[in-house]
Amino acid sequence: MDFAIMLSVLDATLRLSTPLLLACLAGLYSERAGVFDIGLEGKMLFAAFGAAAVAAVTGSMWLGLLAGISVSVTTALLQGVAAISLKGNQLIAGVAINMLAAGLTTFLGQTWFHQGGRTPPLGEGGRFPQITLPFADELAGVPIIGPIYAELISGHYILVYIAFLAVPITAFVLYRTRFGLRLRAVGENPKAVDTAGISVVALRYQAVLITGVLCGFAGAYFSIAQGSGFGNNMTAGKGFIALAALIFAKWKPVPAMFTCLLFGFLDALQIRLQNFELPVIGVVPVQAIQALPYVLTVVLLAGFIGKAVGPKAGGVPYTKER
Amino acid sequence: DPAVIYDLGGKFDKSFNEAAYNGAEAWKAETGGNYLDLELQNDAQREQALRRFAGQGANPIVMAGFSWAAALDAVAPEFPDTNFVVIDTVVEQPNVQSIMFDEHTGSFLVGALAAMQSGSGKVGFIGGMDVPLIHRFYCGYAYGARAVNPEIGLTENYTGTTPAAWNDPVTAGELAKAQIDSGVDVIFAAAGGSGMGVLQAAKDAGKYSIGVDSNQNHLQPGSVLTSMLKRVDTAVHTAFLEAGDDATFKPGRIDLGLADGGVDYAVDDNNAALITDEMKAKVEELKAGVIAGTVEVHDYYTDNACPL
Amino acid sequence: MNPQRPETAAASPPPSGWAIELEKINKRFGAVHANKDIDLAVQRGTIHGIVGENGAGKSTLMSILYGFYTADSGVIRVNGVEHAITDSRHALALGIGMVHQHFMLVDNFSVLENIVLGAEDSGFLAPSLARGRTELKRLAAEYNLDVDPDALIEDISVGQQQRVEILKALYRGAETLILDEPTGVLTPKEADDLFRVLRTLREQGKTVILITHKLREIMAITDSVSVMRQGQMVATVKTAETSPEALAELMVGRHVLLRVEKGPSNPGKTMLEVQNLVVADDMGIVRVKNVSFSVRAGEIVGIAGVSGNGQSELLESISGMRDQRRGDVLLSGNPLSLKGDDGAARARTAGLAHVPEDRLRMGLVTSFQEWENAILGYQNSPDYGAGPFLDIGAAKRKAAEHIETFDVRPADINLKTALFSGGNQQKIVLAREMDRNPDVLVVGQPTRGVDIGAIEFIHNQIIKMRDAGKAILLVSVELDEIRSLADRILVMFDGEIVGEADPATATEGELGLMMAGIGKDHAAAPASKNGQEISS
Amino acid sequence: MSASRPLPRWADIVLLPAINLFMAFLVSGLVVLMIGENPLEAITVIIYGAFGYGDGFGYTLYYATNFIFTGLAVAVAAHAGLFNIGGDGQAYVAGLGAIVVALALDQTHWLIAMPLAVLAAGAVGGFWAFVPGWLQAKRGSHVVITTIMFNFIAAALMVYMVNRVLKPATTMAPESETIDIGGRVPQLRQFFSFFGYSPVNLSIVIAVLALIGVYILVWHTKFGYAMRVLGKNPTASRYAGISNSRMIMITMTISGALAGMVAINEVMGVQNRLVLDYVAGAGFVGIAVALMGRNHPVGIALAALLFGALYQGGQELQFVIPAVTREMIVVIQALVILFTGAMEGLFRPALERSFMLFTPEQKAEAIAVSSAKTEG
Ligand SMILES: Nc1ncnc2c1ncn2[C@@H]1O[C@H](COP(=O)(O)OP(=O)(O)OP(=O)(O)O)[C@@H](O)[C@H]1O
Ligand SMILES: Nc1ncnc2c1ncn2[C@@H]1O[C@H](COP(=O)(O)OP(=O)(O)OP(=O)(O)O)[C@@H](O)[C@H]1O
Ligand SMILES: [Mg+2]
Ligand SMILES: [Mg+2]
């Protein structure tokens with residue numbers, strides 16, 4: 001593989017891992033607080049739709065982003081009511097949210113825009129542009145570093161930078177703030193938090209809200225950055241992959257980033273390996289290459305990661321006796 | 001009343017099913033008549049839907065998609081008085097008309113245009129689901145490109161292997177970007193709804209794309225070089241007009257190709273500037289050759305292979 | 001001292017009087033009337049004991065005082081002022097701290113993080129942690145409460161964890177400290193340390209409420225004591241004016257024998273033999289280092305030691321739950337294979353019964369009905385159905401039999417096991433394990449958290465087994481229990497058997513030194529001051 | 001608050017779900033109203049379409065058959081504390097077992113082909129779940145992730161198998177050869193003309209047997225007992241001499257084999273060939289079915305019937321009210337899951353309070369509590 005192709009693969013890696021990373025960090029907040037979330041997919045889908053719909057109508061990507069986040073947060077709240085206040089089964093809540101999103105986005109899209117659930121294509125201003133970082137053009141000529149800066153680091157949607165910035169921020173919040181301390185505690189031993197005089201319910205709602213915000217970014221990325229407009233079920237199972245990445249990363253922010261980068265890389269590679277010819281076997285069936293990221297995940301998981309033990313109180317609604 | 005049943009992609013797939021829908025709408029606008037339609041949710045509903053419509057007295061019943069063979073084979077004999085029209089597959093029953101399109105010849109023409117437009121000498125193809133039908137598109141495209149430039153570089157990709165591949169613009173867009181990064185500058189997207197991602201990526205990179213099924217030139221004006229038309233809309237329209245009456249209904253297999261405009265390449269205001277007179281002349285020459293049988297285009301269906 | 005404490009706290013309490021007054025407290029859980037018209041007054045600067053059977057309502061009452069439960073009715077006064085305590089934060093603000101029976105700590109947090117949790121100064125952690133560190137140093141010096149602030153909770157001993165709980169309360173400015181069964185999980189040494197801390201607290205003017213099942217602790221440390229029975233307060237007396245026997249009778253409503261009565265042992269042939277056993281824990285750390293001993297029919301061998309010195313791994317290995325690194329376990333002379341993860345089944349087939357240390361974690365499935373737990377471990381026995389099928393009728397009959405012979409209350413085989421009290425849960429396990437007439441009985445911590453009535457019963461059952469000619473291995477951190485039950489005592493320290501003692505002659509001090517790893521070869525040191533302090 | 005008592009059993013398992021279902025339909029009604037259609041008519045159509053006539057009821061049963069299998073697959077694993085998200089993939093690959101046997105034996109008789117195909121489909125589906133089970137047991141890989149991954153791998157594998165191996169050169173659609181009559185599972189309509197043309201077939205008998213079998217397995221066998229111990233307390237199961245690793249592997253295999261039965265219903269009962277993606281998400285519906293059915297066969301049967309009815313009633317709705325799209329059906333299904341599954345507690349407190357006023361002694365207690373509260 002020559003240098004240019006490598007850059008192209010890594011460039012695609014960043015693009016493809018961004019929504020995974022945002023969703024993965026989103027999941028990290030609620031799962032660290034003890035709320036399992038298999039509804040990441042649904043929240044992203046809602047956000048993607050909300051963002052594209054508003055961006056299409058107003059022509060503003062920022063209003064679109066805001067709408068995406070609001071829709072996702074509202075969904076997160078609904079899920080929170082079911083899983084936290086009503087002490088419902090967290091997994092069912094997630095399944096319901098996913099289905100609701102799959103149906104409602106297309107239904108509303110069709111009712112409002114009459115394009116089979118799609119939103120109208122976005123014009124200039126409605127979609128995030130790729131940002132050229134300062135000096136990218138000037139440095140492009142410098143060997144090695146130039147192309148790396150100009151092509152790999154520069155020239156992404158702002159949401160890509162936000163996603164990667166969210167990693168140190170999350171790490172900081174989690175390990176260096178009062179909120180983070182309490183968040184981690186409530187996922188491990190909610191009773192300890194309760195007896196320390198902190199409201200378990202309030203904490204979990206806060207966590208779920210942050211999850212909503214991050215899913216909002218992730219969803220918006222699909223429809224108004226990477227894509228231009230909403231398409232049916234456009235998140236295509238990324239929420240589940242993000243969840244796998246979260247477990248893979250053992251619920252830690254920096255490993256989460258590397259896991260998402262790995263998944264993104266495999267995806268990028270998969271795309272470029274479709275006609276790859278192996279010395280002896282000949283052309284590898286495209287299906288084998290498409291299955292590669294998943295097979296590799298399983299192999300890595302079995303070989304290197306070992307047991308992943310999540311937050312102890314995860315999945316269990318907290319019941320306070322009165 | 002006539003009826004149309006869309007395949008699993010749904011009626012607004014911006015492509016194949018939507019073309020069928022447009023045909024039905026055109027008929028409606030023209031005649032003022034009413035028609036029935038239905039979107040499937042799963043495979044098990046095929047027979048149910050056919051019986052339902054036939055039982056209600058719908059005639060003709062038009063189906064879009066290559067997955068109808070088994071269901072239609074079972075139901076058609078139950079309703080000998082109903083006429084069925086199926087697109088993209090062949091069912092041999094006395095009351096069934098099977099419409100096939102010569103996707104390979106239409107693709108041949110856009111392949112030639114692609115090769116002529118390409119400055120890099122590399123053209124790409126992005127298919128939707130990895131199935132023989134799409135291989136047929138590719139093979140025609142490849143032959144067309146080779147016909148004008150035997151040295152042309154060809155890259156072939158598919159968005160996926162499940163029906164979800166028809167609706168995955170993200171992966172399709174990434175594939176397009178990957179092709180562009182490797183030097184490809186014209187990409188033919190035969191990928192249903194996924195094609196949107198290809199068109200977008202080509203536009204973002206300042207390269208060219210080729211649409212499919214319907215005329216997609218307007219979607220990214222100036223970037224969509226042309227579209228490979230597969231006139232499913234006309235087929236549905238014609239079926240609605242003719243197949244309801246036994247006098248005009250023609251059972252058996254009908255192949256629509258370049259000669260009758262069943263497949264073609266699209267030129268309109270959006271791409272008029274891109275297609276030079278020279279290109280146009282060459283492609284028309286090839287078209288005439290194919291119709292006359294002097295230019296041979298390999299049909300993937302004949303041997304399930306694409307020997308280049 | 002603590003900026004988190006609002007003004008309502010007793011910043012300058014009146015020099016004398018009641019720290020806590022409870023009046024006519026009532027609390028129901030569904031049909032259970034857990035607290036009935038409870039009155040309780042605790043003098044400031046004293047240690048006040050509360051005793052009562054399992055389920056008498058002690059924990060409930062304290063949870064109400066701490067704001068964890070809300071009373072259905074009743075009045076709470078703190079320093080003479082009436083308060084409606086709504087939640088724990090409120091109780092903390094009033095200067096009430098509580099150390100729960102089950103620690104409220106986050107296992108994978110450091111000590112410092114646990115202490116700071118909920119009492120942070122600001123949004124960022126660094127200043128809180130810094131202040132926590134200095135404050136911790138001060139408290140440690142003032143109250144003799146040393147812990148490593150950076151150690152993880154899961155890595156420190158139970159005794160240390162308890163210190164963390166106490167420090168947590170003090171850090172929040174607690175004036176009144178409630179301790180719910182604090183010594184249930186402690187070694188004698190740790191218990192001594194705890195009591196020293198409690199005395200220091202009292203000297204500093206703090207008030208302590210202590211719930212315990214151990215009457216000698218009441219006698220040794222409290223100033224006054226209240227007795228609860230079936231949700232009611234039956235008496236409050238000055239400790240100096242009562243005796244363990246009197247308290248026991250008040251608690252249970254009948255006379256309780258506080259001593260174990262047993263005859264001399266009559267050892268037969270060797271039933272259980274452990275040879276050069278080496279066992280590692282889940283993390284791969286070697287916890288049992290080359291241990292050898294044997295137990296003969298008709299004798300009780302006690303293993304004494306501070307918890308965490310390899311006893312758990314030893315027990316698990318002998319009972320087939322944990323693979324050995326080296327060495328052998330022989331049952332009636334036959335080596336027990338521990339390969340695979342179903343060694344426990346082979347151990348049972350070979351005639352071994354196992355009462356685990358931790359009934360909730362291991363010995364019971366708490367969400368099962370009682371009868372389902374009555375066959376746990378014996379589910380494959382033909383008694384409970386032929387072939388692959390489970391004969392529920394047979395299992396239920398067996399469960400009813402257990403309940404009858406072991407006087408489990410309530411006598412309901414269909415009740416969810418979680419709803420039985422600790423003592424009764426323990427009886428369920430014991431009944432199951434003793435019922436099969438095993439050749440070897442391995443028992444860990446048989447009376448942890450169990451009230452004195454039940455202790456008496458359990459001890460008698462163990463003696464009965466011995467007298468029936470069974471080989472019994474008893475592992476306990478309760479020196480008293482070991483001394484009164486065992487015929488031979490082995491002391492375990494740091495994964496090794498460091499000495500053997502005769503219960504008839506060994507003093508608590510000698511054993512204590514061996515348990516601390518001092519005098520490895522022979523216990524000859526004189527009784528320590530600590531040892532004597534609490535022996536009644 | 002504290003004195004609220006648990007609901008009587010019948011209220012818990014009948015009344016509360018009924019209220020929740022009603023809520024789900026109420027909200028769905030609003031969605032129907034949004035597109036200007038009459039919600040009452042819509043619900044009538046759904047109920048009529050699902051139960052009102054032979055064909056419709058047959059379709060309901062046909063869908064329910066799939067959901068029973070996938071629901072049981074999730075439930076069996078759940079009893080052992082395992083969350084099998086891979087029912088979809090397991091059902092999918094099981095099609096290979098079914099098609100190979102069916103095609104090989106389609107010149108014999110279904111009495112021969114069907115039992116063997118059941119075994120083959122069970123074996124392949126079971127294997128597809130065994131591997132994640134094995135990885136969990138031996139390598140500690142989280143079964144949730146591995147089963148998700150195996151869904152994707154199954155999809156890729158099946159496309160390859162269908163397109164490159166099973167597809168006869170003469171067909172265009174990606175599908176296997178058609179099974180001859182001897183390899184097909186008989187349709188119920190061959191015995192009861194009541195079912196019209198609906199595809200419900202003898203697979204439903206397997207589904208009923210599976211329900212009974214799972215009930216016996218979980219609650220009346222020693223294996224089931226061990227499974228439940230493992231699910232509730234893995235330490236206790238090790239204490240009880242149960243081999244956790246073996247239990248995980250066997251349970252996952254059983255779970256996968258149950259999911260694999262979908263292949264019998266679809267491949268041999270309905271499609272008579274192997275088509276791409278024939279599982280159509282039934283594996284995921286199975287999760288909802290198991291959760292709603294509280295992992296109990298009776299609950300699963302009812303939940304599967306409910307979802308079958310929604311699928312078929314929804315289809316009917318599309319026929320009768322063309323404005324209703326398939327997405328609305330998905331929305332209604334989601335609302336049902338939301339209200340009866342995730343938010344089932346919504347009305348519990350209110351219901352408990354109203355129940356307390358029914359019997360005199362409870363009434364007294366309720367009054368005592370509320371007055372106590374005002375005192376405090
Ligand atoms: N969460 C609860 N729900 C219902 N009933 C409860 C609950 N907690 C306690 N009870 C009831 O309250 C009574 C008192 O329980 P409590 O825990 O206060 O007893 P205790 O005196 O602390 O017993 P122990 O000595 O075993 O700790 C019990 O008999 C029980 O019936
Ligand atoms: N949630 C509950 N609902 C109803 N009754 C309960 C509940 N929890 C406990 N009980 C009842 O409480 C009584 C004592 O329970 P409790 O919880 O005090 O014991 P425990 O604290 O486990 O005992 P120990 O402190 O010795 O371990 C038992 O009779 C039991 O049936
Ligand atoms: Mg208690
Ligand atoms: Mg208790």
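Letters go in sequence order (proteins before strands), and every chain restarts at 1.
Of the charged side-chain nitrogens involved, none lies within less than 4.0 Å of a carboxylate oxygen, so that K58(C) and D180(C) do not count as a salt-bridged pair. The pair R182(A)-E120(C) meets the salt-bridge criterion, with a side-chain N (NZ, NE, NH1 or NH2) lying under 4.0 Å from an Asp/Glu carboxylate O. In this structure, D282(C) pairs ionically with R322(C), as a charged nitrogen and a carboxylate oxygen lie closer than 4.0 Å.
Geometrically, R184(A) engages F109(C) in a cation-pi contact defined by less than 6.0 Å to the ring centre and at most 45° from the axis.
Scanning for ring pair (Phe, Tyr, Trp, His ring centres under 6.0 Å) contacts around F263(A) gives F248(A), with sequence neighbours left out.
Within residues 207-221 of chain A, no residue has any heavy atom closer than 4.5 Å to a heavy atom of chain C.
Chain A forms more heavy-atom pairs under 4.5 Å with one residue of L117(C), L129(C), V106(C) than with any other, namely L117(C). With respect to chain C, the highest number of heavy-atom pairs below 4.5 Å among A196(A), A185(A), G180(A) belongs to A185(A). Of the listed residues V193(A), V173(A), D194(A), the one with more heavy-atom pairs under 4.5 angstrom with chain C than any other is D194(A).
Of the two parts of L105(C), only the backbone, made up of N, CA, C and O, holds a non-hydrogen atom closer than 4.5 Å to a non-hydrogen atom of chain A. Contact of Y175(A) with chain C is made through the backbone alone, with heavy-atom distances under 4.5 Å.
Sorted by first and then second residue, the side chain to side chain donor-acceptor pair (under 3.5 Å) pairs involving residues 85-97 of chain A (not counting sequence neighbours) are S85(A)-Y205(A). Listed by first then second residue, pairs satisfying salt bridge (charged side-chain N to carboxylate O under 4.0 Å, His left out) with a partner in residues 20-32 of chain A number zero, not counting sequence neighbours.
Within 6.0 Å of NZ on K252(A) lie no more than 12 heavy atoms contributed by other residues, nucleotides or ligands.
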